[in-house]
Every structure is written in structure tokens, then in C-alpha cells.
Amino acid sequence: AIQEKDFVKACIKCGLCVNACPYDTLDLATIQSSTVTGTPFFKAREVPCYMCLDVPCVPPCPSGALDINLLKNDSEEMDISKARMGLAVINKETCVAFWGIQCDACYRACPLIDDAIIVKTERNERTGKHAYLIPEVSANSCTGCGLCEHACITELPAIKVFPRAMVMGKEGSHYIKGWDADDEKRLNDIKKVEKYSEDNSGAIDYLNNSDDLFTDD
Ligand code: SF4
Ligand code: SF4
Ligand code: SF4
């Protein structure tokens with residue numbers, strides 16, 4: 001999916017996606033909002049994204065900030081599960097499932113149940129008799145729709161959606177899973193980009209060279 005910084009650059013702040021959403025999920029940010037003024041955003045605790053199968057908010061976008069091609073699956077059909085609006089993060093301190101209380105509200109609310117979010121069982125050593133049923137989010141599948149945040153039973157949500165760039169981290173090129181062909185491909189892709197930059201450094205230096213802008217004439 002398009003990165004948040006690229007999205008902010010591409011969005012022309014026309015509000016067509018906001019008008020197209022049947023759930024009134026989206027709003028345009030004001031100067032008091034947590035994101036760039038004029039860009040669409042939503043407060044998942046109040047109104048989450050319901051992951052409409054026909055994704056009516058995307059086709060009206062005239063700028064490509066919301067890119068229909070990023071949502072197409074192998075059969076060239078729109079697939080909302082490819083959306084990456086954010087990533088749900090669970091706070092182990094306030095999620096009561098980590099206390100041993102049975103709660104699966106977020107798990108049940110997830111449209112990608114058993115994919116974007118699973119429930120793991122662990123032995124409760126404190127009681128010696130019970131199991132913990134612990135929710136776990138998969139960064140590979142979570143769309144950031146916020147239905148889990150909306151459903152969370154704690155006073156303030158123990159599961160919350162954040163921008164992916166804020167919480168994903170980045171492994172860099174020093175760590176590679178040698179046993180994973182996809183991860184080897186990631187290293188090869190990084191090498192190709194570095195080689196391209198080296199091969200074209202003359203052109204880039206030329207473009208960035210501003211010496212001739214500052215003459216004595
Ligand atoms: S996919 Fe989400 S944001 Fe888009 S129209 Fe449906 S509910 Fe609204
Ligand atoms: S339709 Fe596209 S360009 Fe217009 S506000 Fe929405 S995201 Fe931005
Ligand atoms: S934000 Fe929550 S409900 Fe939505 S896909 Fe991710 S884990 Fe599931």
C-alpha cells in the first residue's frame with residue numbers, strides 16, 4: 001500500500017473519498033487533528049472502517065492517493081483485505097486477556113479472523129489450572145480497519161491502530177533469513193537499488209550541483 005508520507009503528498013484534499021463512504025467513517029483532518037490538515041482520516045474507536053467489499057471510497061479518488069491498483073488481487077478484482085490503513089497494536093498491560101480474564105471481543109470483531117488476528121493459548125502459571133487466551137495481530141495481514149479497536153471492552157482501547165510507519169520498524173540489509181527465499185529476494189532488491197544509485201551518482205550529483213547558481217556576476 002502507498003506509504004503515509006506519499007499519501008499525504010498525493011492527496012489533493014478534495015474530500016471525494018469522505019463523501020463516498022456509506023458509514024461516515026472518514027473525515028478531513030482539521031488543524032486540531034493528529035494528521036496533516038485536509039487529508040482523510042478516521043477515529044476507529046468512534047467509527048471504524050467496515051471494509052466494504054466494493055470499496056466505494058477508492059475509485060472516486062482523482063489523484064491516485066487512494067490507488068485502486070494496490071487493492072487488486074491476482075484475479076484483478078478489488079480486494080479490501082489488501083488495504084494497509086494502519087496496524088493494530090495490543091498493550092499487554094491493559095488487555096485483560098493477558099490478566100487471565102477471557103475476552104475475545106477484538107478477535108471476534110476482526111473481518112480477517114484467524115488471519116489478521118489469532119488467539120493463542122498459554123498456561124496460566126499463577127492459578128496452575130487455567131489457560132490464557134491471548135490475542136495476537138499479524139502485521140502481514142492486518143488492514144488497520146480498527147474494528148478491533150472499536151470493539152475493545154476496556155475503558156480506553158487496549159488494542160489500537162497506529163500508522164504502519166510508526167510501529168513496523170525496519171530490519172535493514174544486515175539481517176536476512178537465509179532459509180526464506182522471499183527474504184533473499186528482499187536483499188537482492190536492496191542490492192539492485194544500491195547499484196542503480198552508484199551507477200547514476202554522476203547524474204544525481206549533476207542535478208544537485210548548485211554551484212553555477214552562485215556566480216559573481
Ligand atoms: S472501505 Fe471503509 S472507508 Fe471505504 S467506504 Fe467502506 S467503510 Fe468507508
Ligand atoms: S479523494 Fe483522494 S485526493 Fe481527494 S481527499 Fe480523498 S484521498 Fe485525497
Ligand atoms: S485492525 Fe483489527 S480488526 Fe482490522 S484487520 Fe487489523 S486486527 Fe483485524
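All figures in this text were calculated on a predicted structure; none of them were measured in a lab. In listed order, ligands and their atoms are each counted from 1.
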Considering only the protein, which heavy-atom contact is closest to atom 2 (Fe) of ligand 3, and what is its distance? C148 SG, 2.3 Å

Please state which protein non-hydrogen atom is closest to atom 4 (Fe) of ligand 3 and give its distance, to 0.1 Å? C145 SG, 2.3 Å

Spell out, as yes or no, whether a donor-acceptor pair under 3.5 Å connects the side chain of T143 to the backbone of C145. yes

N/O/S atom of C142 under 2.8 Å from atom 6 (Fe) of ligand 3, yes or no? yes

So, the side chain of S141 versus the backbone of S138: is there a donor-acceptor pair under 3.5 Å, distance only? no

Taking only non-hydrogen atoms of A116 and a 4.0 Å limit, the atoms of ligand 3 in range are 5 (S), 8 (Fe)

Nearest protein heavy-atom contact for atom 8 (Fe) of ligand 3: which residue, which atom, what distance? C110 SG, 2.3 Å

Keeping waters out of it, list the protein N, O or S atoms under 2.8 Å from atom 4 (Fe) of ligand 1. C57 SG

Which atoms of ligand 1 have any heavy atom of P22 under 4.0 Å away? 5 (S)

Would you find a donor on one side and an acceptor on the other, under 3.5 Å apart, between the side chain of R108 and the backbone of I113? no

I'd like to know if the side chain of T25 reaches the main chain of P48, judged simply by a donor and an acceptor atom lying under 3.5 Å from each other, with no hydrogens or angles considered. yes

Which option wins on minimum heavy-atom distance to atom 1 (S) of ligand 3: G146, A44, G86? G146

Does even one non-hydrogen atom of A109 get within less than 4.0 Å of ligand 3? no

Salt-bridge present (E149, K160; N to O < 4.0 Å): yes

Please check if the side chain of R186 supplies one atom and the backbone of I176 the other of a donor-acceptor pair under 3.5 Å. no

